[in-house]
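Here the structure is a predicted model, which means the values were calculated and not measured. Positions are given from 1 along the sequence.
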Amino acid sequence: MIPEPSICDLTATELARAIARGELSSRDAVEAHLARIESLDAQLAAFVTVDAEGARRAAEICDAAPAPIGPLHGVPIGIKDLTDTGGLTTTYGSALFRDHVPAEDDLVVARLRRAGAIILGKTNTPEFGFGAVCTNRLRGPTRNPFDPALTSGGSSGGSAVAVAAGMVPLAHGTDFGGSVRTPASFCDVASIRPTPGRIPSPRRPLGWDMLASHGFLARSVDDLALALWVCGGSDAHDPLSAGVVGDDRAIAGRPRIAVTPDFGVAPVAREVRARFAAACEALARVVDVVPSSPDCGGAIETFRTLRAAHIANSYGELLRTRRAELTPTVIWNIEAGAKLSAEDYLTAERRRTVIYRSFRELFTRADFLVAPAASVLPWPNEISDVTAIDGAALETPIDYLAVTFIVSLVGFPVLTLPAPRGVNELPFGIQIIAPPGGESRLFAFGRAIENELGFSHRRPPL
C-alpha cells in the first residue's frame, strides 16, 4: 500500500496506475484528497462546492467494478464552475445561480465520468469567468499557494490552486483569453488549451465560435495528454470538432522554435521579459532558435472587438433585467460590446484572418512558437485589475492578457509549462504553441523539457 500522506503527491497518471494494480483503492484516493481540501481550502478557497458524499459513492462503484472503468478509474478531479455537472450545483461564479443544479453533464464532464474520473467538486471562478482575480460574491479570493496574499489568476484560478496544492491531481478549466494559461503560470502548474473543437462543446450557442475552449491543468504533461485523450473526439453537434485533424508526425532532429516575448504588440513587464529570456536560454540547449515571429499588428484591437461582441450577445439580457445583481467587472464586459456595429465585427474578422495566415506562414520555418504565459507576475488579491505595466497605463482592463489572447484569436493549441526558477522567485510559465492539431507534438516536446530541463511543477510551501 502507498502511505496515505503521499497519495496527494501522485499525478493522475500515477494514481490511476496504482489503483489499477490494486495498490490503492478509489476510496483511499478520494479520502486523501478530501482531507487535503479540508486542511487547506479554508485558506485557499479553490472550491465553490465540494461533493464529498457523491465522490464517496462514485469511489464505491469504482472499487466494486471487476475491472477499471476507464483510463481515469478512481482518480479524483475538479471541474471549473462554469461547466455543467448534472446533479451538482453549478453557479457560473454568480450569486444569480447559487442554487442552480443542472439536469445533465456538459459533454466534457460526461466523458471524464465515463473514463472513471471521480468529481470531488466545482472549482472557483470569477462571475461568468470575467475577472483578473478569482473571486465572486459566493467565494474567494482564491489565494495563490506560493503566497496567499497574491492572486491565483483568472479565470481558472480555482482549478490551478486545487492542482498545485494537491487537492486534486487534475482539474478542468476553460480558456477564452488566457484563463487556463495565466493561472497555470501563477501557480506553477502545466496546462493545455487544445485546438478549438478538439474537446467538443455541442451546447455552444455560436457553433463556429473558436475563441473559447475547454482545457486542463495538472502537475505533469502526461496527465494533460491523458485528459485530452479521454475527452477528445468529434461530436455531430459541434461543427468545429469535425474539422480537427491530429498531426502526429515526429520532429526530425532538434526542434526549431521561434521565440517572442510579446508578439510585437503585447505589453509585458520587464521582470517577465527577463524571466522569459532565461527560460529561452535554457531551451537553447536542446532546440535551434529561429529568429522569426508572426505579424500581430492590430491583434489587440481585433480581440477586444470580437470578445466584446460575443459577451454582449451572450449576457446582454442579464444586464437589461438584473443589472443590480451583477459585479462591476461583468457589467463593464457586457457594455463594451453594446455599441459595436456589424462593420466593426467583420473588420475585426478580416484582421484576424490576416494574423492567422501570418501564424501559419511562421510554422513553415519553425516547429513551435514560444512566448510568456503571462505578461505580469502575480499581484495582491486586493487589486482587482491590471491597469498599468511598469508604470505605463493600459487602455482596457483586458490588455494585460494580450500575450495569451493573441493565441486564442488564431485558435492554435498551446501547452503551458512552469519555467525553472530560483528558490525565492514566484512561479512563471511559458506558452509552447503548435499549428492546429499539433497536440501530440506539443506533449512530446513538453515531456522532453519537463524531464531534461526542469520545466516542471514544484510543490508550494504549504
Side-chain angles (χ1 to χ4, degrees), residues 33-34 37 41 45-58 76-115 117-131 134-142 152 154-163 167-168 170-176 179-180 183 199-206 209 212-217 227 231 235 237-238 310-311 314-315 317-318 321-322 325-327 329-330 333-334:
H33 287 88
L34 287 174
I37 293 171
D41 206 44
F47 284 87
V48 181
T49 302
V50 176
D51 185 21
E53 292 312 307
R56 290 179 175 122
R57 289 193 298 271
I77 65 169
I79 302 294
K80 185 177 179 179
D81 206 24
L82 289 185
T83 300
D84 285 354
T85 43
L88 179 59
T89 303
T90 300
T91 71
Y92 314 118
S94 176
L96 297 177
F97 293 90
R98 68 169 68 243
D99 299 317
H100 173 60
V101 180
E104 296 180 337
D105 288 332
D106 188 278
L107 179 62
V108 67
V109 175
R111 288 183 174 180
L112 287 164
R113 289 196 206 263
R114 286 200 296 268
I118 296 176
I119 297 172
L120 291 195
K122 306 301 291 292
T123 57
N124 201 29
T125 180
E127 187 173 33
F128 304 125
F130 306 140
C134 193
T135 191
N136 55 59
R137 289 171 176 166
L138 299 174
R139 185 80 163 135
T142 302
S152 57
S155 63
S156 301
S159 287
V161 171
V163 168
M167 299 181 197
V168 288
L170 174 69
H172 159 271
T174 60
D175 189 307
F176 195 119
S179 289
V180 298
I199 302 173
S201 296
R203 298 180 188 174
R204 186 174 55 239
L206 300 174
D209 171 24
S213 173
H214 291 290
F216 291 99
L217 301 101
C231 292
D235 182 277
H237 297 284
D238 183 344
H310 282 265
I311 291 172
S314 297
Y315 298 101
E317 183 61 24
L318 275 181
T321 60
R322 307 187 73 169
E325 299 168 84
L326 298 173
T327 59
T329 296
V330 170
N333 275 280
I334 298 171

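Of the inter-residue distances, the one linking I37 atom CD1 with L120 atom CG reads 5.0 Å to the nearest 0.5 angstrom. Atom-to-atom distance recorded for E104:CD and T85:OG1 is 12.0 Å, nearest 0.5 angstrom. I118 contributes atom CD1, which lies 12.0 Å from atom CZ of R57 (distance to the nearest 0.5 angstrom). Taking OG of S213 as the reference point, atom CD1 of I199 lies at 6.0 Å (rounded to 0.5 Å). Y315 contributes atom OH, which lies 10.5 Å from atom CG of L326 (distance to the nearest 0.5 angstrom). Interatomic distance, CG of N333 versus OG of S314, reported as 11.5 Å (0.5 Å rounding).
In terms of heavy-atom proximity, I119 sits nearest to A55 at O-CB, 3.9 Å. Heavy atoms only, all atoms of each residue included: H172 and K80 are closest at ND1-N, 3.3 Å. Residues E325 and E127 share a closest heavy-atom pair of O-OE2, 4.1 Å. Listed here is the closest heavy atom pair of A171 and V168: CB-CG2, 4.3 Å. Here the closest heavy-atom approach between residue R204 and residue D209 is recorded as NE-O, 3.5 Å. Shown here for F130 and T329, the closest heavy-atom pair between the two residues is O-CG2, 3.3 Å.
With salt bridges taken as basic N to acidic carboxylate O contacts below 4.0 Å, none links D105 and R111. Salt bridge status for R139 with D41: present, with a side-chain N to carboxylate O gap under 4.0 Å.
Contact annotation: the side chain of T123 never approaches that of I79 to less than 4.5 Å [non-hydrogen atoms, C-beta and beyond]. For the pair D81/F97, no side-chain contact is recorded, criterion being any heavy-atom separation below 4.5 Å from C-beta on. Looking at R203 and D238, their side chains never come closer than 4.5 Å, going by heavy atoms from C-beta outward. Within the 4.5 Å cutoff, no side-chain heavy atoms of V101 are placed close to those of L88. Between V330 and T327 there is a side-chain heavy-atom pair separated by less than 4.5 Å. Looking at heavy atoms from C-beta onward, I77 lies out of side-chain contact with F216 at the 4.5 angstrom threshold.
Looking only at atom types and distance, the side chain of T90 has a donor-acceptor partner in the side chain of K122 under 3.5 Å away. Judged by distance alone, the side chains of Y92 and D84 do bring a donor and an acceptor atom under 3.5 Å apart. Side-chain atoms of N124 and N136 form a donor-acceptor pair, as typed in the model, at a separation below 3.5 Å.
Heavy-atom neighbours of H237 NE2 from other residues, nucleotides or ligands within 6.0 Å: at or below the threshold of 12.
Checking each of S156, S94, S155 against T125 for a side-chain contact (heavy atoms from CB on, under 4.5 Å) leaves exactly one that passes, namely S155. Residue T142 is tested with P183, S159, C134 for a side-chain contact (heavy atoms from CB on, under 4.5 Å); the sole match is C134.
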Evaluation steps, side-chain contact (heavy atoms from CB on, under 4.5 Å), between C231 and L112: CA-CA 7 Å; C231 292; L112 287 164; 3.5 Å; yes
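The backbone N or O of G121 lies less than 3.5 Å from no partner atom in the side chain of D51, so there is not a single donor-acceptor pair.
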